[in-house]
**Q** 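So that we are looking at the same thing, I have put the structure below in structure tokens.
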Amino acid sequence: MRTLQWSLLTSFLLASYFCIFGQGMAYFLSEYALPLAPVYYLTGLTAAGIFLYMVSGILLFTLAKQHESSHTHRELYAIVLFTVAPAASLWAFFVTAMWWG
């Protein structure tokens, strides 16, 4: 139960970080990792962020299916996930589309 909650939190925070700060990470990776164009890094980070949001949704569904009465924050997790995930994903998709021209 605890590992499921930590997996949900980790996946959600990592997805949010990838989607919101993807531009800065793309420039950083372009300079200090493989010398690729930053647009390729940004595309990969956007895809990874959206994938991690989907994983978070699956983990939240799994958490809800367990019917644990001791876990009272399920509704809060759902509200936060379903408000932040679409906004951050659309932002990351928009930024990536603008970079591709």
**Q** Kindly work out whether a path of hydrophobic side-chain contacts (I/L/V/M/F/W/Y, heavy atoms less than 4.5 Å apart) joins Ile58 to Leu4.
**A**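 Different hydrophobic clusters.
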**Q** Can you check whether Phe18 reaches Thr46 side chain to side chain, under 4.5 Å on heavy atoms?
**A** no
**Q** What closest approach, in Å, do Ala15 and Gly49 show between heavy atoms, and which atom pair accounts for it?
**A** CB-O, 3.3 Å
**Q** Ignoring hydrogens, what is the shortest heavy-atom contact between Ser16 and Val84? Give both atom names and the distance.
**A**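 For Ser16 versus Val84, the nearest heavy atoms are OG-CG1, 4.1 Å.
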**Q** Listed by chain and number, what are the side-chain contact (heavy atoms from CB on, under 4.5 Å) partners of Leu90, not counting sequence neighbours?
**A** none
**Q** Can you name the closest pair of heavy atoms from Ala92 and Cys19 and give their distance?
**A** CB-O, 3.6 Å
**Q** Under the side-chain hydrogen bond (donor to acceptor under 3.5 Å, both in side chains) test, which residues partner Ser30, sequence neighbours left out?
**A** none
**Q** State the OG1-CD distance between Thr96 and Gln23, to the nearest 0.5 angstrom.
**A** 8.5 Å
**Q** Roughly how far apart are Leu81 CG and Leu76 CG, rounded to 0.5 Å?
**A** 11.0 Å
**Q** Of the options Leu14, Leu8, Val80, Leu13, which is the one that meets Ser56 in a side chain to side chain contact (heavy atoms under 4.5 Å, CB included)?
**A**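 The option that passes is Leu8.
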**Q** Only counting residues at least two apart or in another chain, list the ones meeting side-chain contact (heavy atoms from CB on, under 4.5 Å) with Tyr17.
**A** Phe21, Met25
**Q** Which residues pass the side-chain contact (heavy atoms from CB on, under 4.5 Å) test with Ala78, sequence neighbours left out?
**A** Leu60, Phe82
**Q** Other than Trp99, what residues sit in its cluster of Ile, Leu, Val, Met, Phe, Trp and Tyr side chains whose heavy atoms are under 4.5 Å apart, directly or through others?
**A**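 Trp99 clusters with Tyr27, Val39, Tyr40, Leu42, Trp91, Phe94, Val95, Met98, Trp100.
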**Q** Please enumerate all residues that pass ring pair (Phe, Tyr, Trp, His ring centres under 6.0 Å) together with Phe61, with sequence neighbours excluded.
**A**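 Checked Phe61 against ring pair (Phe, Tyr, Trp, His ring centres under 6.0 Å); zero matches.
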**Q** Mark yes or no for whether Ser11, through its side chain, and Leu52, through its backbone, hold a donor-acceptor pair below 3.5 Å.
**A** yes
**Q** Considering residues at least two apart in sequence or located in another chain, which fulfil the ring pair (Phe, Tyr, Trp, His ring centres under 6.0 Å) criterion with Tyr53?
**A**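 Applying ring pair (Phe, Tyr, Trp, His ring centres under 6.0 Å) to Tyr53 gives Phe12.
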**Q** Not counting sequence neighbours, which residues clear side-chain contact (heavy atoms from CB on, under 4.5 Å) with Ala33? List them please.
**A** Leu29, Tyr41
**Q** Is there a chain of hydrophobic side chains (I, L, V, M, F, W, Y, each step under 4.5 Å between heavy atoms) that links Leu59 to Leu63?
**A**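 Result: yes, single cluster for both.
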